[in-house]
Protein chains: 2
Amino acid sequence: MTITITAFERSPDGGKGLARDTRVRWALEEAGLAYEVRPVSFQALKEPAHLARHPFGQIPTYEEGDLVLFETGAIVLHIAEQHAGLLPTDAHARSRAITWMFAALSTMEPPILDLVTARILEGDKPWSQERLPLVMDRIRARLDQLSSHLGNSEWLDAAFSAGDLMMVSVLLRLRASGILDEYPKLSAYVARGEARPAYQRAFAAQLALNTSSS
Amino acid sequence: MTITITAFERSPDGGKGLARDTRVRWALEEAGLAYEVRPVSFQALKEPAHLARHPFGQIPTYEEGDLVLFETGAIVLHIAEQHAGLLPTDAHARSRAITWMFAALSTMEPPILDLVTARILEGDKPWSQERLPLVMDRIRARLDQLSSHLGNSEWLDAAFSAGDLMMVSVLLRLRASGILDEYPKLSAYVARGEARPAYQRAFAAQLALNTSSS
């Protein structure tokens, strides 16, 4: 059955791989699944046809026959449940891998996204410069804990899983800020994620869409 | 097998049910499962014994034999996967219910938690009052979309699920702010969640812990 995902017609990051379709592409590549991409313009995101698929007017969405899903975490989990390669078969290890998916999205990503709020959405406000160090310190508090947990391990819980896919994707948002360089273990962890052939293919595919001339 | 969760020895909200153990208690009650509670002091949250269970030093955690989980979303999903009452049996409806769990935690909750940042963490900053309306408007943008999706439906996707449990729990954080009163359909939705006997039992249990004299 054909899998179709949506992506920005032109990503705000110009193809750096930070738009969330990259996470879904990565999961599909790890699972060895072919997929089609429907690019969506910023205008079309707010129109009824797209809102019927995604009530919050965002990308990505996932269509597979009659099934329509949104939320990157839910899409990646759906792929991981249906195909090998993203979740361990042992029941306890599987629940721990899912725990790390939620940890990436619920615990790590919100303070990291606050950097976008501080720098871009509120970048023209009088408090912007003074507020930034507070935001950075809240991110560092989480990175300290994550780095302590990871230690010298290769992945968060024994073998690579959808939990690592999500955590690496979230941490990649920090690269431009330089904060990640303060954490050598986490930097090496992110690099291990990026080195996976499935990530490389996902990254190349989103870059091609964002640099095409059509 | 005995299920043990952790909760604050004294919740910062004094028993209003906003600490995340209430969400896990609610899921356990919907599934008809007995559980034990290990109260954890603020000091103990940062100590090695607790950090071994929860790398980010928070509550709740979940223990069931050898299995130790953290992250409310992962714990609720684990309970929902193992027991009837929280996820539909139809595969597509099940994936949609999980989508709403992620939507509650990844899309709705971050702007709502920013209200805590603005009012409490940064409540003494010179920008606090001027920034608050921006935070409120970002919350309203999400509530507008959620209310449009819900319409006059009873639950987010046909029948009550773990997705509603999580969404109602996230929206309850807004009650004290008064914003929820601007959305009659969402207010009624939250009230339907609170009216469930399982929620009532979960709320009463967390209140009893927070008002006990021991």
Side-chain angles (χ1 to χ4, degrees), chain A residues 20 51-52 54-58 62 64-78 81-82 91-111 113-114 117 121-122 125-128 130-131 134-135 138 141-142 145-146 148-150 156 163, chain B residues 20 51-52 54-58 62 64-78 81-82 91-111 113-114 117 121-122 125-128 130-131 134-135 138 141-142 145-146 148-150 156 163:
Chain A
R20 288 181 175 84
L51 289 171
H54 196 316
F56 300 104
Q58 298 179 315
Y62 177 95
E64 183 191 348
D66 290 341
L67 179 65
V68 183
L69 299 177
F70 63 100
E71 284 293 333
T72 308
I75 296 170
V76 170
L77 183 58
H78 172 79
E81 285 183 328
Q82 306 292 322
H92 286 193
R94 181 182 177 281
S95 289
R96 287 195 302 270
I98 293 173
T99 293
W100 282 109
M101 292 183 66
F102 279 99
L105 295 170
S106 307
T107 298
M108 291 300 303
E109 194 160 35
L113 285 178
D114 203 19
T117 303
L121 296 184
E122 299 179 7
K125 301 299 175 191
W127 58 78
S128 175
E130 202 180 340
R131 190 168 174 268
L134 302 183
V135 173
R138 287 195 287 260
R142 291 294 178 222
Q145 293 167 319
L146 184 67
S148 290
H149 171 83
L150 182 68
L156 289 167
Chain B
R20 288 181 175 85
L51 288 171
H54 196 316
F56 300 104
Q58 299 178 315
Y62 176 95
E64 182 191 348
D66 289 342
L67 179 65
V68 184
L69 299 177
F70 62 100
E71 285 292 335
T72 308
I75 295 170
V76 170
L77 183 58
H78 173 79
E81 284 182 329
Q82 306 292 320
H92 287 194
R94 181 182 178 281
S95 288
R96 288 197 300 271
I98 293 172
T99 294
W100 283 110
M101 292 183 66
F102 280 100
L105 295 170
S106 305
T107 297
M108 291 300 302
E109 193 160 36
L113 285 178
D114 203 17
T117 303
L121 295 184
E122 299 179 8
K125 301 299 175 191
W127 58 77
S128 176
E130 204 181 339
R131 192 169 172 266
L134 303 182
V135 173
R138 288 196 286 262
R142 290 295 178 221
Q145 294 167 318
L146 185 66
S148 291
H149 172 83
L150 182 67
L156 289 167

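Here is how names work: the chains are called A, B, and so on, in the same order as the sequence lines, proteins then strands, and each is numbered from 1.
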Could you tell me which portion of R138(B) (side chain, backbone, both or neither) has an atom closer than 4.5 angstrom to a non-hydrogen atom of chain A?
side chain
L105(A) side, atom CG; T107(B) side, atom OG1 - distance, nearest 0.5 Å
9.5 Å
Best-contacting candidate, G73(B), G57(B), G65(B), P111(B), against chain A by heavy atom pairs under 4.5 angstrom:
G73(B)
Determine the minimum heavy-atom distance between A74(B) and F102(A), stating which atoms define it.
N-CD1, 3.5 Å
Of the backbone (N, CA, C, O) and the side chain (C-beta and beyond), which part of T72(A) lies under 4.5 Å from a heavy atom of chain B, both, or neither?
neither
Can E130(A) and K125(B) be counted as an ion pair, charged N to O under 4.0 angstrom?
no
For D114(A), is it the side chain, the backbone, both or neither that has a heavy atom under 4.5 Å from a heavy atom of chain B?
side chain
Quick check on H149(A) against chain B: is it the side chain, the backbone, both or neither that has a heavy atom closer than 4.5 Å?
side chain
Which bit of L134(A) comes within less than 4.5 Å of chain B, counting heavy atoms only: side chain, backbone, both or neither?
side chain
With a 4.5 angstrom heavy-atom cut-off, could you sort out which part of R94(A) is near chain B: side chain, backbone, both or neither?
side chain
Which atoms of S95(A) are under 4.5 Å from chain B, going by heavy atoms: the side chain, the backbone, both sets, or neither?
both
If you count heavy-atom pairs under 4.5 Å between each of P110(B), P55(B), A93(B) and chain A, which one has the most?
P55(B)
Greatest number of non-hydrogen atom pairs under 4.5 angstrom with chain B, of T117(A), L67(A), L51(A), falls to L67(A)
Please flag which part of L146(A) lies under 4.5 Å from any non-hydrogen atom of chain B: side chain, backbone, both or neither.
both
Less than 4.5 Å to any heavy atom of chain B: does that hold for the side chain of L77(A), its backbone, both, or neither?
side chain
S106(B) and E71(A): which non-hydrogen atoms are nearest, and at how many Å?
CB-OE1, 3.6 Å
Identify which part of S148(B) has an atom lying under 4.5 Å from any heavy atom of chain A, answering side chain, backbone, both or neither.
neither
Nearest heavy-atom contact between Q145(A) and F56(B) is NE2-O, 3.2 Å
One option among E81(A), M101(A), E109(A) has the most heavy-atom pairs under 4.5 Å with chain B, and it is E81(A)
Which answer fits L121(B), side chain, backbone, both or neither, if we ask what part of it has an atom under 4.5 Å from a heavy atom of chain A?
side chain
State, to 0.1 Å, how close F70(B) and A103(A) come at their nearest heavy-atom pair, and which atoms those are.
CE1-CB, 4.0 Å
Heavy-atom nearest pair, V68(A) first then R96(B), reads O-CG, 4.2 Å
